[in-house]
Amino acid sequence: MSASPPVHAKYEVVIGLEVHVHLATDSKLFSPAPVRYGDAPNHDVHPICLALPGVLPVLNARAVEFAVRAGMATHCTVHPRSVFARKNYFYPDLPKGYQISQYEEPICTAGWLEIEADGGARRIGITRIHMEEDAGKSIHDDAVTHGEGTHVDLNRAGVPLLEIVSEPDLRSPAEAAAYLRTLRCVLRYIEVSEADMEKGQFRCDANVSLRLHGEAALGTRNEIKNLNSFRFVEQAIETEIVRQARILDEGGTVQQATRLFEPATGRTKVMRTKENADDYRYFPDPDLVPLVIDPAEIERIRIALPELPDRKRVRFEAEYGLPAYDARLLTADRALADFFEDAARANGTPKSVANWILRDVMQHLKERDTDVSSTRLAPEALAALVRLVDEGKVTAKSARELVPELIEKGGDPAALVRERGLEAVSDGGALEAAAAEVLAANPGAAGRFRAGEDKILNFLMGQVMKKTGGKASPAAVRDILARRLRE
Amino acid sequence: MSRITREEVARIASLARLSLDDDESQRTTTQIGAILDYVAQLAEVDTTGIEPTAHAVPLRTPLRADRAQPAMPPELAVANAPQREGTAFVVPLVLDGEES
């Protein structure tokens, strides 16, 4: 999905995102029912989730701690006092007839997140973060309902959510995606959410509007709901930009509306317009007194916060002498960053270790769609393998062949190298013999080298490597060939 | 002048999914108007410098440790449902746009 250049030349695209994140708690926000995924309908509910008469909500302390952590990690002001409000609307998967949320006094406000965009680093404002409970699930799928009504499953009802609202600071679909990836990375670092989009733990609504470059006032926005993958976010925003640009180009005005993205067609359709916009009749929840957090508790949470990706990246550049690009890739995932650090310390040559992780290990992880912490590959093993290569005891080619096995089964690289007879051949005899054979078999190539065609040496080296089954040390082969050719 | 119009009452009724006939609508408008008049007496108090209060009880929100308890038996959860299939509640078909 490439942005349409004429549209961007004429209009400035203004995007703000609302992200809903499931918190990784064991129990729900206001009820002791378990938070689980994939259970049969209504197997994870409690009278509070069902809004049975007489029940009262009791707030989950860990959810509060997670909200504070998220606020700190996004440079927000964390408010010692916040208020829960009722957001009133009717839907079958909302048994109480209202959602407990925060409205006028959210727990966190006014933060920012730095993203890597086309033009370099950009700071994206975060308006607010508030806590709320998720609704249940309505199942309309005919395969389940056989066309008989709508099924309601309240397992998700009451699962703790953070709603993270950005400022309208994003300027392209690519920036929106970069923001979401950065935000997800931070939330995973601070271990408040697995933020798995497929499980619905990380959901996004996008507000999109256009205005002529240089114009101060914002254009009329449309909100797009139901964006549950990074690809859909980019696709839906791009489609919406094109739609709005066409209206404006024709001299029309954009109608404010809430739209629903339909993955099957890649289009959006109107859910509701401004005229019938929702009126949620928010008011402070009489069942819940204001949430007051002790400043000492806030300080305790701040001190326990792990090193965040931004700071880790800068440290990796300084401490291990890594290029910015490598440092960014290695710190994108906390487990990967830890793995790198352990391996780099065990090996002593961080740059080599970084290269092996980014080039070889990552490729296999991608193919297996897994992360490094769920494999058998120990950081010490990778450190040992890289050392064997750097010391010339095994060729890079042979080492590369061992990576998939180390990832799947683990093991000691040195032992594997011995078992498989993969030791690099660098001793005189075998290489000298192979080189002599190759030169004898390719007199033409040898002649061209002597006539000044240096590049032909690579061909000859390749032939020697072939004869040794890729186990020859390239440096040794080069030396031997060069000497023999000069003789 | 009444503090609330019939149009406002009609809108609130629609938000609350209530259907009022003419007679009910008139009566409700009068009644809500009377309630608003009653509550409006509070506006006579000078509240300069006083923090808004949603609760009269000077309590902090009690917190609960994040420990999951066993869920209730699903059979019990749906026991009173007028219609069910397996352990799912079944409600009349929710159509697109019905939210509006």
Side-chain angles (χ1 to χ4, degrees), chain A residues 25-28 30-36 39-47 49-50 58-65 83-84 88-92 138-140 144-155 260 269 271-273 276 278-279 281 283-286 288-292, chain B residues 4-5 7-19 32 35-36 39 50-100:
Chain A
T25 53
D26 291 336
S27 65
K28 294 185 179 177
F30 294 110
S31 121
V35 173
R36 283 198 293 250
D39 281 354
N42 301 308
H43 276 55
D44 306 324
V45 299
H46 177 275
C49 317
L50 300 177
V58 186
L59 184 56
N60 183 332
R62 183 158 3 199
V64 175
E65 174 171 351
V83 173
F84 286 100
N88 300 277
Y89 67 93
F90 292 103
Y91 211 69
S138 297
I139 299 141
H140 310 287
V144 178
T145 63
H146 314 294
E148 288 284 309
T150 295
H151 285 198
V152 177
D153 170 10
L154 299 176
N155 285 344
L260 193 69
K269 69 168 190 196
M271 272 171 76
R272 49 181 177 261
T273 55
N276 55 16
D278 282 330
D279 178 346
R281 295 161 293 149
F283 60 86
D285 192 321
L288 291 155
V289 292
L291 168 60
V292 177
Chain B
I4 191 159
T5 65
E7 289 70 37
E8 285 169 314
V9 170
R11 174 161 165 70
I12 295 165
S14 115
L15 285 170
R17 300 293 190 272
L18 296 172
S19 83
I32 295 181
I35 293 167
L36 291 174
V39 176
I50 296 175
E51 215 185 306
T53 313
H55 298 86
V57 196
L59 251 187
R60 288 180 175 195
T61 291
L63 294 175
R64 164 180 64 81
D66 179 32
R67 267 191 295 277
Q69 287 173 16
M72 65 193 289
E75 283 300 318
L76 189 61
V78 296
N80 289 330
Q83 207 188 337
R84 47 182 279 199
E85 192 177 313
T87 54
F89 296 98
V90 178
V91 299
L93 203 60
V94 179
L95 295 171
D96 283 337
E98 197 180 288
E99 261 187 293
S100 60

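- For the atom pair Ile4(B) CD1 and Ile12(B) CD1, the distance stands at 4.0 Å (nearest 0.5 Å).
- The shortest heavy-atom contact between Val83(A) and Pro290(A) is CG2-CB, 4.2 Å.
- Contacts between Val35(A) and chain B at a heavy-atom distance below 4.5 Å are absent for every atom of the residue.
- Here His151(A) is the residue among Arg36(A), Glu65(A), His151(A), Arg281(A) with the most heavy-atom pairs under 4.5 Å with chain B.
- In this structure, the side chains of Ser27(A) and Arg64(B) come closer than 4.5 Å at one or more pairs of heavy atoms.
- Asn155(A) places a side-chain heavy atom less than 4.5 Å from the side chain of Val45(A).
- Within the 4.5 Å cutoff, side-chain heavy atoms of Cys49(A) are placed close to those of Lys28(A).
- Ranked by non-hydrogen atom pairs under 4.5 Å with chain B, the options Pro41(A), Ala40(A), Ala33(A) are led by Pro41(A).
- Residues Asp153(A) and Asn42(A) have side chains in contact (heavy-atom distance under 4.5 Å, counting atoms from C-beta outward).
- Looking at heavy atoms from C-beta onward, Tyr91(A) lies in side-chain contact with Ser138(A) at the 4.5 angstrom threshold.
- Under the 4.5 Å side-chain criterion, counting only non-hydrogen atoms from C-beta, Ile32(B) is not in contact with Glu8(B).
- Residue Leu154(A) touches chain B through its side chain alone, counting heavy-atom pairs closer than 4.5 Å.
- A donor-acceptor contact shorter than 3.5 Å links the side chain of Asp66(B) to the backbone of Asp26(A).
- Residues Val90(B) and Glu85(B) approach most closely at CG2-N, 3.6 Å, considering heavy atoms.
- Contact tally against chain B (heavy-atom pairs below 4.5 Å) for Val292(A), Asn60(A), Val58(A): the top residue is Asn60(A).
- The part of Phe30(A) that comes within reach of chain B is its backbone (N, CA, C, O), which places non-hydrogen atoms under 4.5 angstrom from that chain.
- Within residues 74-82 of chain B, the residues that have a heavy atom under 4.5 Å from a heavy atom of chain A are Pro74(B), Ala77(B), Val78(B), listed by number.
- The most heavy-atom pairs under 4.5 Å with chain B, out of Pro47(A), Pro34(A), Ala63(A), come from Pro34(A).
- Looking at Asn88(A), there are no atoms closer than 4.5 Å to chain B (heavy atoms on both sides), in backbone or side chain.
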